[in-house]
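Here is how names work: the chains are called A, B, and so on, in the same order as the sequence lines, proteins then strands, and each is numbered from 1.
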2 protein chains.
Amino acid sequence: MDKPLEALIVDSILDAIGDQRLRAGTKLGEQALSEIFGCNRLHVRRALSMLTGWQVVDHLPNRGAYVATPTPQDAHDVFQARRAIETTICRNAVRQATPQDIADLRAHLAEEDAARGHDNRPVAIRLSRGFHILLARIGRNPVLARYLDELTMRSSLIIGLYGTGHATLCAEDEHARITDAIEARDEVQALALLDQHLRHIEAGIHFDDAAPATGALSVALRR
Amino acid sequence: MDKPLEALIVDSILDAIGDQRLRAGTKLGEQALSEIFGCNRLHVRRALSMLTGWQVVDHLPNRGAYVATPTPQDAHDVFQARRAIETTICRNAVRQATPQDIADLRAHLAEEDAARGHDNRPVAIRLSRGFHILLARIGRNPVLARYLDELTMRSSLIIGLYGTGHATLCAEDEHARITDAIEARDEVQALALLDQHLRHIEAGIHFDDAAPATGALSVALRR
DNA sequence: AAGAATTGGATTGTTAACAATCCGTGTTAT
DNA sequence: ATAACACGGATTGTTAACAATCCAATTCTT
């Protein structure tokens, strides 16, 4: 149990980014993190290095690490990459989904529904992203799944920065209709709905108002 | 000029992998590398950490770093990911290629031709990979280009491991025909040729004979 | 002689102290 | 009063020594 120390830091920060608790631009001080996680500063340093590999942390020499601030160009590239990758993932899912996979998707949709019903926005955000991750797992291509992990993280940063109000969540009925198409093995329909869905998300961002970073690190990383 | 120290190590090893000078499974000892690059062991350590982020180095705790050895499953996933990503890259290229871009592609094809003419296999391997990288640059999506960098690296490892004889190089006329289609702005044709091309490469690997790692580290990293 | 334990050397992992850089504050000069 | 400058505290980067682990060769036992 001595290995996953820095992996825990990485996962914790990734979760916080994916859930939009950590916003673009917040400073990730080494000392602060080592106190939060009760560990050596070198472990923090390695974790931050891994996170820069994920493209979600920028490392400015002698000035520290900051949660990455995607540019409008980044946003466009990320969403185009998502369409490219999730299309293939979805095709895999249509062809390979087992009854258990479909059941998992239905259960996930129910959770999403419940979170919305309770107006639980933080959980709704997490589950909204989780649908795409679950789809990737069903697609059974770890390489693509890994890239999608990274791209959804960056999407969270983008939406947190440029997203406007109601557009910060995936429309749930779109998730449901994609699930229907997968269950019906309707590949063309599933791919079309997914592409449409991703374009809807992208349409919900506007580069005029970029909300600045704020908030305390320690509370953003509380679980 | 103090920054790119570990970046130099990373690039040097990546180049060696991309050129198939470094084969899957070779050990990357920290001391050996720090002597080769004349630097601190910690810099080597960080470089190796970045390379594991690229999925081209496996890090076994307390046992050191090794050039990754892709499994047959990895091979399938990597090539499927390449088809997904390069399709979008190629579509971008068809739509956005400038006359200068076309000229660059033609110049590259000429280089490839020359290398084959001189039976210069190492250079031919590098250029063969370079065509795909050049295409990605023309596609003007750095996110996808970054992923393709990684995937072509892993492809080099796969082909070095499982590739059979003549199949270890891209067929050059396929590169030329793809270039023709791009110049003619024939999107359908370009995408079809590229997909075909990638399937040809994948068809050239056979999992029966996996050549083991061998050779001295220092000579593989000579530039 | 074959296999299991052991020891030595080499390699990796960690720690703590030290050096360099940056940022904000306060001072001084124009 | 404003702007340039200088200082002090804080943060990041580096170094070197130390501890832990692993691997291979040797020795010991049956």
Side-chain angles (χ1 to χ4, degrees), chain A residues 1-13 22 24-69 212-218 220-221, chain B residues 1-13 22-69 212-221:
Chain A
M1 230 133 291
D2 36 287
K3 258 357 315 328
L5 212 166
E6 44 231 345
L8 184 132
I9 304 176
V10 170
D11 290 346
S12 194
I13 293 180
L22 259 185
T26 64
K27 165 143 196 177
L28 300 172
E30 297 183 2
Q31 184 162 296
L33 289 173
S34 59
E35 282 168 7
I36 289 175
F37 291 98
C39 69
N40 214 313
R41 219 182 81 212
L42 193 61
H43 294 179
V44 169
R45 190 168 256 269
R46 277 209 286 263
L48 291 174
S49 166
M50 296 182 194
L51 289 166
T52 70
W54 277 70
Q55 313 282 128
V56 294
V57 164
D58 285 342
H59 192 79
L60 317 191
N62 285 317
R63 302 187 52 187
Y66 295 80
V67 178
T69 302
T214 164
L217 193 53
S218 53
L221 293 176
Chain B
M1 232 129 288
D2 37 286
K3 253 0 311 326
L5 211 166
E6 43 231 346
L8 183 132
I9 303 177
V10 170
D11 290 345
S12 194
I13 293 180
L22 259 184
R23 295 174 60 80
T26 66
K27 166 142 196 179
L28 300 171
E30 297 182 1
Q31 183 161 297
L33 289 173
S34 59
E35 282 169 7
I36 289 175
F37 291 99
C39 69
N40 214 312
R41 219 183 79 210
L42 192 62
H43 294 175
V44 169
R45 189 167 257 266
R46 276 209 287 264
L48 290 174
S49 167
M50 295 183 194
L51 288 165
T52 69
W54 278 71
Q55 313 282 128
V56 293
V57 164
D58 285 342
H59 192 78
L60 316 194
N62 285 318
R63 302 188 52 187
Y66 295 80
V67 177
T69 302
T214 164
L217 193 53
S218 53
V219 356
L221 292 176

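Look at CG on B:Leu48: it is 14 Å from P on C:dT11, rounded to the nearest Å. As rounded to whole Å, 16 Å separates atom P of C:dT21 from atom CD of A:Glu30. Atom CG in A:Leu28 sits about 10 Å away from atom P in D:dT12, given to the nearest Å. The CD-P distance, from B:Gln31 to C:dG9, rounds to 15 Å in whole Å. Between the CG atom of A:Leu33 and the C1' atom of D:dT12 there is a distance of 13 Å, rounded to whole Å. Taking atom NE2 of A:His43 as the reference point, atom C1' of C:dT15 lies 9 Å away to the nearest angstrom.
Considering only side-chain N and O atoms, A:His59 lies nowhere under 4.0 angstrom from the phosphate OP1 or OP2 of D:dT11. Between B:Asn62 and C:dT12 there is no side-chain polar atom (N or O) within less than 4.0 angstrom of OP1 or OP2. For C:dT12, neither phosphate oxygen OP1 nor OP2 lies less than 4.0 angstrom from any side-chain nitrogen or oxygen of B:Arg45. Between B:Asn40 and D:dT14 there is no side-chain N or O to OP1 or OP2 distance below 4.0 Å. OP1 or OP2 of D:dT12 has at least one side-chain nitrogen or oxygen of A:Lys27 nearer than 4.0 Å.
Map A:Arg63 and A:Arg41 each onto its nearest nucleotide of DNA chain C; the residue landing nearer the 5' end is A:Arg41.
For the pair A:Phe37/A:Leu8, a side-chain contact is recorded, criterion being any heavy-atom separation below 4.5 Å from C-beta on.
The side chain of A:Leu42 sits closest to C:dT15 out of D:dT11, C:dT15, C:dG13.
We find the CZ-NE2 distance between B:Arg45 and B:His59 to be 6.0 Å, quoted to the nearest 0.5 Å. Here the CG atom belonging to B:Leu48 is positioned 8.0 Å from the CD1 atom belonging to B:Ile9, to the nearest 0.5 angstrom.
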query: Do A:Leu51 and A:Val10 pass the side chain to side chain contact (heavy atoms under 4.5 Å, CB included) test, and can you show the C-alpha distance, the side-chain angles, and the key distance before you say yes or no?
result: CA-CA 7 Å; A:Leu51 289 166; A:Val10 170; 3.9 Å; yes
